[in-house]
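Okay, so here's the structure we're looking at.
Just so you know, residue 1 is the first one in the sequence shown, and it goes up from there.
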Amino acid sequence: MKDILLRILKKSMPAPNVFILELGADEPLPPIRCGQFLHLKVGGNYLLRRPFCIYKFTERTVTVVAAVVGGGTRCLAEQPEGACLQAVLPIGNGFTLEEKHRKIVLLGGGIGCAPLATVPVTYPDREYISYLGFSTAENVLFEKEFSSFGKTVVATDDGTCGRSGFITDALRADMAKISPDVILTCGPTPMLKAAARLSLETKVPAYMSGETRMGCGVGACLVCACDIKEKNGEIVRKRACVDGPVFRLEDIVL
């Protein structure tokens, strides 16, 4: 983990209220693994940094995807190419695949698909089947990229692109046929709850990356604390920034 000055190399808005920033450093970045995130100073008068998943990375660049949901993200989206931003990275445990995990389902909802894109880069010797869910056709992202990793299924709530309905229903319909070893997921809470039920019913383990609000990003402020169920049934509070953001789906209380 290191505090580094990053420069906006490229900015785009591929969907309504969604922006992508490619950020570059003048020095090699610390080693990054799939599912980790950075804590970024967004500019303006905003004191607290914001957590963003790492969508892509190279030796000297990281790319983030975010939605404009408030003043902080709006300020960041309005930063021009060439602007410099301070960031702490990488943070979090990330996704870890065991050797027995040979066939992997990547289950994403909206911009929650972004942190899953680095998994095949970190573990290129596995089979991937991606299920990506969006509200409507104009919000569909990442399809071409995930298709380069393997078979990809897209669903939209209104049926304007791909299958009609929730992406978890599409996955449920295919589970017996594809028989995955593990599910990795990130997205809105209703999707995660449906994925947890599917994991329980099929006995296929699932791991989720949380989209939790954070303050300090280093475990001191406890803003990102979430309820985790221990093996003995006890509910404990864990910090998403340092204990996560990846947790076993059956353990987290949604």
Between the side chains of Tyr131 and Arg172, is a donor N or O closer than 3.5 angstrom to an acceptor N or O?
no

Got a second to check how far [X]'s [atom1] is from [Y]'s [atom2], nearest 0.5 Å?
X	Y	atom1	atom2	result
His39	Arg50	NE2	CZ	8.5 Å
Arg126	Phe149	CZ	CZ	15.0 Å
Ile235	Arg237	CD1	CZ	10.5 Å
Thr118	Ile32	OG1	CD1	9.5 Å
Leu38	Asp3	CG	CG	11.0 Å
Glu78	Thr73	CD	OG1	10.0 Å

Check this for me: does any side-chain nitrogen of one of Asp251 and Lys231 sit under 4.0 Å from a carboxylate oxygen of the other?
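A salt bridge is absent here (no side-chain N lies under 4.0 Å from a carboxylate O).
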
Grouping I, L, V, M, F, W and Y whenever their side-chain heavy atoms are under 4.5 Å apart, do [X] and [Y] come out in a common cluster?
X	Y	result
Leu249	Val236	yes
Phe52	Val68	yes
Leu116	Val18	yes
Val242	Met1	no
Ile20	Leu89	no

Looking at [X] and [Y], would you say the former's side chain and the latter's main chain have a donor-acceptor pair under 3.5 Å?
X	Y	answer
Thr152	Gly150	yes
Ser199	Val204	yes
Arg7	Gly24	no
Lys11	Gln79	yes

Taking side chain as C-beta onward, heavy atoms only, is [X] less than 4.5 Å from [Y]?
X	Y	result
Lys193	Thr168	no
Leu85	Lys41	no
Cys75	Tyr46	yes
Lys103	Ile129	yes
Ser130	Lys151	no
Val119	Leu97	yes
Val65	Phe142	yes
Pro90	Arg33	no

Intermediate values then yes/no, side-chain contact (heavy atoms from CB on, under 4.5 Å), Thr96 and Tyr123
CA-CA 9 Å; Thr96 299; Tyr123 298 96; 3.9 Å; yes

Locate the shortest heavy-atom distance separating [X] from [Y]; write the atom from each residue and the value.
X	Y	result
Lys100	Asp181	O-OD2, 3.5 Å
Cys226	Phe247	SG-CE1, 3.9 Å
Asn93	Gln36	C-CG, 4.5 Å
Thr160	Ala137	OG1-N, 2.8 Å
Ser209	Cys186	O-SG, 3.3 Å
Val140	Thr156	CG2-CG2, 3.9 Å

Check whether more than 12 heavy atoms from other residues, nucleotides or ligands sit under 6.0 Å from atom [atom1] of [X], and answer yes or no.
X	atom1	result
Asp26	CG	no
Phe166	CZ	no
Leu47	CG	no
Asn232	CG	yes

So, do Tyr128 and Phe146 have ring centers that fall under 6.0 Å from each other?
no

Among Val64, Leu6, Thr63, which residue meets the side-chain contact (heavy atoms from CB on, under 4.5 Å) test with Leu21?
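Exactly one pass, corresponding to Val64.
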
Could you walk me through whether Glu81 and Lys10 pass the side-chain contact (heavy atoms from CB on, under 4.5 Å) test, one step at a time?
CA-CA 6 Å; Glu81 292 182 357; Lys10 188 183 300 183; 4.2 Å; yes

I'd like to know whether Gln86 forms a side-chain contact (heavy atoms from CB on, under 4.5 Å) with Arg49, so could you lay out the CA-CA distance, the side-chain angles of the two residues, the decisive distance to 0.1 Å, and finally the verdict.
CA-CA 9 Å; Gln86 205 73 26; Arg49 301 187 186 200; 3.6 Å; yes

Might you work through the side-chain contact (heavy atoms from CB on, under 4.5 Å) test for Leu141 and Cys113, ending with a clear yes or no?
CA-CA 8 Å; Leu141 298 166; Cys113 301; over 6 Å; no

